[in-house]
Amino acid sequence: MEKIKRTKVVDLLKSTEYDRTVNVKGWVRTKRGNNKIAFIALNDGSVIHNIQIVVDVPGFDEEILKKITTGASVSVTGKLVKSLGKGQPVEIQAAEIEVYGTADPATYPLQKKGHSMEFLREIAHLRPRTNTFGAVLRIRHSLAFAIHKYFNDHGFFYLHTPIITGSDAEGAGEMFRVTTLDAKNPPLLENGEVNFKEDFFGKQTNLTVSGQLEAELGALALSQVYTFGPTFRAENSNTPRHLAEFWMIEPEMAFYDIHDDMDLAEDFLKYLVQYVLDHNSDDLEFLNKMFDKELIRRLQSTMETKYKRLDYTTAIGILEKSGKKFEFPVSWGVDLQAEHEKYLVEQHFKKPVILTDYPKDIKAFYMKQNDDNKTVRAMDVLFPRIGEIIGGSQREEDYDKLVRRCNEMNIPEQEMWWYIETRKYGTVPHSGFGLGFERMVLFITGMKNIRDVIPFPRTPQNAEF
RNA sequence: UCCUCCUUAGCUCAGUUGGUUAGAGCAUCUGACUGUUAAUCAGAGGGUCGUUGGUUCAAGUCCAACAGGGGGAGCCA
């Protein structure tokens, strides 16, 4: 038989050109039947659905059919026909089957039946072959693409900020050290401390915790830039919302005040949700059915509503008047705890909330100071189920105020000279925010644990795959 | 890092006040069935009860330490 080009399952299922010979390649999900007829559900990851292969058993070598078990990889050539059974539009009547790789059923860990997420994390090398991870990974891709598309279509430039950074003053958490020094025998100074002058870069370096400061440099030249890259936090965080290695999106815009910043954040989030609703409906329906019956409705409701915007001081008033007993008592000046954010978003307003103008003492040094000398132009977007999904602010563009704030917060001015100097030459008002990519995937897929929305999660005590 | 719960077959779990030979469903294997839909029906195999130590005549069951995992909290995105 002449060689026929492979067609993906996603295209075969949409095809109405019946009775033509096609070739499909993929991994067996199930085989069932008897000694006359067998049905193989084949999946190639192009779509959540399988294509059904119909096998006339007496016409095939028994040894080949024996190898076709759950997990095996095969190439099937045959006639694409309208399905005789219910449940699928088309099926393939197999004429030729080649087995690429077998999967011993006695040891292959993936069964036809569902597995717990905890078990699947232990077999991260195989879990992409499940329906759930296929759906999550396709949605993750869609979201990444939509992010680039949104910014590209809005005149932003993709700026690549460094992954290895020489500054440790960003204040966004513990950092991973990057070094080529011998851990057992490092060069020492006379006082016994490690001599980092002999290290690869001639100074202490770390993995980045944020590309924001560098993104600001880009915005102060290109007007609108964004970063989309990996970030690293060496915090000992063991929660369903934290990773040691995660991806972050950080747009930074010159000539934007905090209101422009909030407008962009809200429009951006809605665009991403709508993009996935439009392009991944099969995967969303699967997740909605299997994991989270409210998922699609919740996504749609965040599209329809306008996010509630209010300042920190007003929010504190609402919490104080709520009459609720919080584990952490509320008063002006405290940082909002998860329980407080949950109350505001899920009980009081019942919609996403954008909180602004936080006390300066609980926020970073680079945020623009308000005239009240108490608060800064920060804005956090709080989502149901997730909590803080975006953190952003208008940046302090005044040279003297920024230097004063650095001194107050013990930020080493000499290390940050390049950042501070942008306020000396052609400074402009500007703003930006950071979106945790995995938290967005978490929200859109309805998954419950952030370890299940990234292919290879990095968490404390876990870097197996 | 703190609090809390869990660890029994390949997977998901049950296992009584400590008491003979540790159970189920699914998966796997064998057989039956001419169109199945996470097929169905019948049968079979499969366990050092996370590890180490202790209490006891006797430990899957009680105690301790350690390891791994879940949930909550903090840190944050």
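Residue numbers begin at 1 in each chain, while the letters A, B, ... track the order of the sequences. Just so you know, these numbers come straight off a predicted model, no measurement behind them.
Here the separation of B:G46 from B:A32, taken at their C1' atoms, is 23 Å to the nearest Å. Spacing between B:A73 and B:G54 at atom P, rounded to whole Å, works out to 40 Å. Atom P of B:U56 sits at a distance of 23 Å from the matching atom of B:U16, rounded to the whole Å. For the P atom pair drawn from B:G45 and B:U4, the interatomic distance equals 45 Å after rounding to whole Å. Atom P of B:C6 sits at a distance of 10 Å from the matching atom of B:A14, rounded to the whole Å. Separation of the P atoms belonging to B:G70 and B:C26 is 28 Å when rounded to the nearest angstrom. The gap from the P atom of B:A24 to that of B:G15 amounts to 15 Å, rounded to the nearest Å. Atom C1' of B:A9 sits at a distance of 15 Å from the matching atom of B:C29, rounded to the whole Å.
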Is there any protein nitrogen or oxygen under 3.5 Å from a nitrogen or oxygen in nucleotides 5-11 of chain B, and what are the pairs?
unit_1 : atom_1 : unit_2   : atom_2 : d
B:G10  : N2     : A:Gln111 : OE1    : 2.6
B:G10  : N3     : A:Gln111 : OE1    : 3.3

Can you check nucleotides 45-50 of chain B for protein contacts, nitrogen or oxygen pairs under 3.5 Å, and list what you find?
none

Check: protein-nucleotides 31-35 of chain B nitrogen or oxygen pairs below 3.5 Å:
unit_1 : atom_1 : unit_2  : atom_2 : d
B:G35  : N1     : A:Glu91 : OE2    : 2.8
B:G35  : N2     : A:Gly85 : N      : 3.3
B:G35  : N2     : A:Glu91 : OE1    : 2.6
B:G35  : N2     : A:Glu91 : OE2    : 2.9

Check nucleotides 70-75 of chain B against the protein and report each pair of N or O atoms closer than 3.5 Å, with its distance, or say if there are none.
unit_1 : atom_1 : unit_2   : atom_2 : d
B:G70  : OP1    : A:Arg121 : NH1    : 2.7
B:G71  : OP1    : A:Asn449 : ND2    : 3.2
B:G71  : OP2    : A:Asn449 : ND2    : 3.4
B:G74  : OP1    : A:Gln337 : OE1    : 2.6
B:G74  : OP1    : A:Ala338 : N      : 3.4
B:G74  : N2     : A:Asn236 : O      : 3.3
B:C75  : O2     : A:Ser237 : OG     : 2.5
B:C75  : N3     : A:Ser237 : OG     : 3.1
B:C75  : N3     : A:His242 : NE2    : 3.2
B:C75  : N4     : A:His242 : ND1    : 2.9
B:C75  : N4     : A:His242 : NE2    : 2.6

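A sub-4.0 Å separation between OP1 or OP2 of B:A39 and a side-chain N or O of A:Arg32 is present.
Side-chain contact annotation: A:Thr30 with A:Arg32, donor-acceptor N/O pair under 3.5 Å present. Donor-acceptor pairing under 3.5 Å is lacking for the side chains of A:Tyr366 and A:Glu216. In this model, no donor atom of one side chain and acceptor atom of the other lie less than 3.5 Å apart for A:Ser393 and A:Asp261.
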Evaluate the criterion salt bridge (charged side-chain N to carboxylate O under 4.0 Å, His left out) for residue pair A:Arg127 and A:Asp452; output intermediate values, then yes/no.
CA-CA 10 Å; A:Arg127 67 177 185 171; A:Asp452 300 327; 3.3 Å; yes
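B:U36 atom C1' lies 15 Å from atom CG of A:Asp56, rounded to whole Å. For A:Lys66 and B:U28, the NZ to P distance is 15 Å, given to the nearest whole Å. Between the CE atom of A:Met117 and the P atom of B:U12 there is a distance of 11 Å, rounded to whole Å. Rounded to whole angstrom, the span from the CZ atom of A:Phe433 across to the C1' atom of B:C76 amounts to 17 Å. Distance CG (A:Leu120) to C1' (B:G69): 14 Å, rounded to an integer number of Å. Summarising the geometry, the separation between CG on A:Leu65 and P on B:U36 is reported as 19 Å, rounded to the nearest angstrom. Atom pair A:Asp104:CG and B:A27:P shows a separation of 17 Å (rounding to whole Å applied). Rounded to whole Å, atom C1' of B:C76 lies 19 Å from atom CZ of A:Phe437.
Counting any heavy atom pair closer than 4.0 Å across all strands shown, A:Leu435 reaches no nucleic acid atom. In this structure, A:Ile390 reaches the sugar-phosphate backbone alone: every heavy-atom distance under 4.0 Å involves primed, P, OP1 or OP2 atoms, never a base.
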Ignoring hydrogens and angles, write down the donor-acceptor pairs under 3.5 Å from the side chains of residues 144-152 of chain A, residues two or more places apart or on other chains.
unit_1   : atom_1 : unit_2   : atom_2 : d
A:His148 : ND1    : A:Tyr226 : OH     : 2.6
A:Lys149 : NZ     : A:Asp153 : OD2    : 3.0
A:Tyr150 : OH     : A:Asp267 : OD2    : 2.7

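Contact check for A:Tyr256 versus A:Leu264: side-chain heavy atoms found under the 4.5 Å cut-off.
In terms of position along RNA chain B, the nucleotide closest to A:Pro460 lies nearer the 5' end than the nucleotide closest to the other residue of the pair A:Ala244 and A:Pro460.
Contact check on A:Glu266 versus A:Arg309 returns a salt bridge, with a Lys/Arg side-chain nitrogen under 4.0 Å from an Asp/Glu carboxylate oxygen. Using a 4.0 Å cut-off between charged side-chain N and carboxylate O, A:Arg385 and A:Glu346 make no salt bridge. Between A:Asp44 and A:Lys25, no side-chain nitrogen of the basic residue sits less than 4.0 Å from a carboxylate oxygen of the acidic one, so the salt-bridge criterion is not met. With salt bridges taken as basic N to acidic carboxylate O contacts below 4.0 Å, one links A:Arg298 and A:Asp292.
Taking the six-membered ring where tryptophan is involved, the planes of A:His340 and A:Phe326 are perpendicular, since the angle between them exceeds 60° and thus also 30°. Between A:Trp332 and A:Tyr312, the two ring planes are perpendicular [angle over 60°; tilted spans 30° to 60°].
In this structure B:C13 sits in a base pair with B:G23, meeting the Watson-Crick or G-U test at under 3.5 Å. B:A64 and B:U52 make up a base pair, with Watson-Crick or G-U wobble contacts both under 3.5 Å. Base pairing of B:C75 is not made with any nucleotide, judged by Watson-Crick or G-U wobble geometry with both donor-acceptor distances under 3.5 Å.
Pairs engaging residues 352-361 of chain A under the salt bridge (Lys or Arg N to Asp or Glu O under 4.0 Å) rule: A:Asp357-A:Arg377, A:Asp361-A:Arg405 [sequence neighbours left out].
Evaluated for a side chain to side chain contact (heavy atoms under 4.5 Å, CB included) with A:Leu355, the options A:Leu344, A:Ile316, A:Thr314, A:Asp311 yield exactly one hit, A:Leu344.
Residues A:Leu13 and A:Pro89 share a closest heavy-atom pair of O-CG, 3.7 Å.
To the nearest 0.5 Å, atoms CZ (A:Phe246) and CD1 (A:Ile450) are separated by 8.0 Å.
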